[in-house]
Amino acid sequence: MPTYDLVGFHAQQAAEKALKALLVRHGVRFDRAHDLGQLLAQAEPVAPGTAEALAEAEELTAHAVSTRYPGREPPLDRQEAARWLAVADAVLTRVRALLQPYLDAGRPPG
């Protein structure tokens, strides 16, 4: 039976990097950590409502290390992997929307 553990890992990584990009944009310092709950809390002052809207992403934190230390968590199945991909997509979509005005401001008119 195949496992989808790497999907969970990469979903967590995508969400983590997106949140860190948002924090960098706003000059918010953060620890070298993988805790999405902590990153969401740090994002809240610069992006109100984000922590609540993306609260489910906190559960992705467990997948930051599960592939590095197999056996601690049960393997992901296809349905769980699809859920985590959807959660990561929600984080990416929200962060992209928050960063878009900043990105557009740097584009030459065309």
Side-chain angles (χ1 to χ4, degrees):
M1 180 169 108
T3 67
Y4 296 86
D5 293 347
L6 283 175
V7 174
F9 172 76
H10 289 294
Q12 186 283 333
Q13 288 288 287
E16 177 184 336
K17 301 310 181 204
L19 289 169
K20 286 180 176 179
L22 179 65
L23 296 175
V24 166
R25 159 60 186 104
H26 290 284
V28 178
R29 298 180 71 85
F30 50 87
D31 294 332
R32 290 181 180 239
H34 306 292
D35 186 335
L36 296 183
Q38 180 181 349
L39 294 171
L40 286 166
Q42 289 179 275
E44 191 60 24
V46 297
T50 297
E52 183 178 345
L54 301 175
E56 188 177 19
E58 290 184 45
E59 295 179 57
L60 271 172
T61 297
H63 299 288
V65 294
S66 63
T67 56
R68 294 180 184 132
Y69 305 100
R72 289 187 175 183
E73 301 286 331
L76 290 181
D77 62 24
R78 186 179 178 137
Q79 184 177 353
E80 292 168 316
R83 174 182 175 221
W84 294 127
L85 281 176
V87 170
D89 187 53
V91 173
L92 293 170
T93 298
R94 183 162 186 116
V95 170
R96 186 179 298 115
L98 290 166
L99 291 178
Q100 199 61 54
Y102 167 73
L103 296 171
D104 288 344
R107 292 187 184 156

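What you are looking at is a predicted structure, and each value in this text was computed from that prediction instead of being measured. Note: hydrogens, waters and symmetry copies are ignored here, and every other heavy atom, side chains too, is used.
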Worksheet item: Do Gln12 side-chain atoms and Ala62 backbone N/O form a donor-acceptor pair below 3.5 Å?
Response: no
Worksheet item: Can any side-chain N or O of Glu44 pair as donor or acceptor with the backbone N or O of Ala41 at less than 3.5 Å?
Response: no
Worksheet item: What are the two closest non-hydrogen atoms of Ala57 and Leu36, and how far apart are they?
Response: O-CD1, 3.2 Å
Worksheet entry | Gln100 atom CD, over 12 foreign heavy atoms within 6.0 Å | yes
Discussion item. To the closest 0.5 Å, what do you measure between NZ (Lys20) and CZ (Arg32)?
Written reply: 8.5 Å
Fill in: From OG1 (Thr61) to CG (Leu39), nearest 0.5 Å
8.0 Å
Worksheet item: Got more than 12 heavy atoms from elsewhere within 6.0 Å of CZ, Phe30?
Response: yes
Discussion item. Could you work out, with salt bridge (charged side-chain N to carboxylate O under 4.0 Å, His left out) as the rule, every residue matching Glu56, not counting sequence neighbours?
Written reply: Arg83
Practice prompt. Please report the closest heavy-atom contact between Pro48 and Arg94, naming both atoms and the distance.
Written response: O-NH2, 3.7 Å
Pair up each side-chain donor or acceptor in residues 84-92 with any protein partner under 3.5 Å, not counting sequence neighbours, and list the distances.
{"unit_1": "Trp84", "atom_1": "NE1", "unit_2": "His63", "atom_2": "NE2", "d": "3.3"}

Worksheet item: Nearest heavy-atom pair of Leu99 and Ala21: which atoms, and what distance?
Response: CD1-CB, 4.3 Å
Worksheet, complete the sentence: For Pro75 and Asp5 the tightest heavy-atom approach is CA-OD1, 3.3 Å
Fill in: Contact summary for Ala33 and Gln38, nearest pair of heavy atoms
CB-OE1, 4.2 Å
Worksheet entry | Considering all heavy atoms, the nearest Ala18-Val95 contact | O-CG1, 3.4 Å
